[in-house]
Amino acid sequence: MSSETKLREDICFWAASLFQRGLTGGASGNISARTEDGGLLVTPTGSSFGRLDPARLSKFDASGVLVSGDQPTKEMPLHSAFYETRKGAGAVLHLHSTHSVALSMLPGIDPDNMLPPLTAYSIMRLGKVKLLPFFVPGDPAMGGALRSLGGRRSAVVLANHGPVVASRDLEAAVYAMEELEETAKLALLLRGAGSIGLTPEQISAVVTKFEVDWD
């Protein structure tokens with residue numbers, strides 16, 4: 001099996017897993033992943049994560065030209081901006097997961113760090129999560145908003161829309177996205193309950209030990 005064939009199958013495997021667990025529904029969500037030759041495989045526009053066809057994934061060459069497959073997701077500006085600003089990114093994942101979207105709509109959320117520091121793992125896998133404003137889906141301005149962060153964030157949430165994460169590979173991106181959604185769920189469950197999060201000293205210890213981008 002070639003590396004590209006395996007990557008195609010991996011994209012469809014993880015997409016189906018996310019769909020089956022209710023992390024994104026209908027025809028929402030999109031994935032992109034780097035191929036060995038520097039190109040991209042991308043989920044097509046209007047496609048369901050529950051029934052992707054590996055052979056129909058959109059394929060871009062290393063210069064960014066669509067060379068085969070269906071038309072790509074309209075959220076390509078998000079993906080392109082992450083790859084341009086985070087040079088180690090090997091995959092980008094965008095979902096419409098319920099708890100992350102719900103948290104993005106609540107008052108009093110810190111736009112520079114929208115997830116409260118409840119667990120070590122959210123800090124380890126995500127760093128600070130930036131809350132970006134609402135954009136009409138497919139608006140190229142989303143890419144500009146990401147570029148303005150200068151590559152300092154591996155995860156963002158689009159208000160009233162959904163989270164986007166970039167990581168070294170597809171599996172790591174999925175794990176980071178799961179952590180983001182679970183932490184958002186915890187934040188909603190504990191909201192107003194006087195929960196005890198990590199202290200600044202504990203956060204600093206996690207950031208230092210796992211070399212997290214936290215500035």
From [X] [atom1] over to [Y] [atom2], what is the distance, rounded to the nearest 0.5 angstrom?
X: Leu170; Y: Asp10; atom1: CG; atom2: CG; value: 6.5 Å
X: Leu52; Y: Trp14; atom1: CG; atom2: CH2; value: 14.5 Å
X: Glu201; Y: Thr199; atom1: CD; atom2: OG1; value: 4.5 Å
X: Lys6; Y: Ile11; atom1: NZ; atom2: CD1; value: 11.0 Å
X: Ser154; Y: Arg125; atom1: OG; atom2: CZ; value: 12.0 Å

### Task
Could you tell me which residues satisfy side chain to side chain contact (heavy atoms under 4.5 Å, CB included) with Ser195, sequence neighbours excluded, listed by chain and number?
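Result, side chain to side chain contact (heavy atoms under 4.5 Å, CB included) vs Ser195: Leu118, Leu190.
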
#### Entry: side chain to side chain contact (heavy atoms under 4.5 Å, CB included) against Leu131, all qualifying residues, sequence neighbours excluded
Ser104, Ile109, Pro111, Met114, Val157, Ala159

Do you see a donor-acceptor pair shorter than 3.5 Å between the side chains of [X] and [Y]?
X: Tyr175; Y: Glu179; value: no
X: His94; Y: His161; value: yes
X: Ser100; Y: Glu181; value: yes

Donor-acceptor under 3.5 Å ([X] side chain, [Y] main chain):
X: Ser47; Y: Thr43; result: no
X: Ser28; Y: Gly25; result: yes
X: Ser80; Y: Pro77; result: no

### Query
If you look only at pairs with a residue in residues 17-71, which of them pass as a ring pair (Phe, Tyr, Trp, His ring centres under 6.0 Å), with sequence neighbours excluded?
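Sorted result for residues 17-71: empty, none.
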
### Task
Go through the structure and list residues passing side-chain hydrogen bond (donor to acceptor under 3.5 Å, both in side chains) with Arg153, not counting sequence neighbours.
none

### Query
Which residue pairs pass the salt bridge (Lys or Arg N to Asp or Glu O under 4.0 Å) test when at least one of the two sits in residues 64-77, sequence neighbours left out?
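Every salt bridge (Lys or Arg N to Asp or Glu O under 4.0 Å) pair that includes a residue of residues 64-77, provided the two are not neighbours, is Arg56-Asp70.
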
### Query
Restricting to pairs with a member in residues 92-106, which pass salt bridge (Lys or Arg N to Asp or Glu O under 4.0 Å), not counting sequence neighbours?
none

### Message
Tell me whether Arg8 is salt-bridged to Glu4, with the criterion being a basic N under 4.0 Å from an acidic carboxylate O.
### Response
yes

### Message
For Asp112, is there an ion pair with Lys130 - N to carboxylate O distance below 4.0 angstrom?
### Response
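Salt bridge: yes.
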
#### Entry: Hphob cluster co-occupancy, Leu126 + Leu78, side-chain heavy atoms under 4.5 angstrom
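They do not share one cluster, since no chain of ILVMFWY contacts under 4.5 Å joins Leu126 to Leu78.
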
### Query
Would Leu23 end up clustered with Leu103 when hydrophobic side chains under 4.5 Å apart are linked, directly or stepwise?
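The answer is yes; both residues are in one hydrophobic cluster.
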
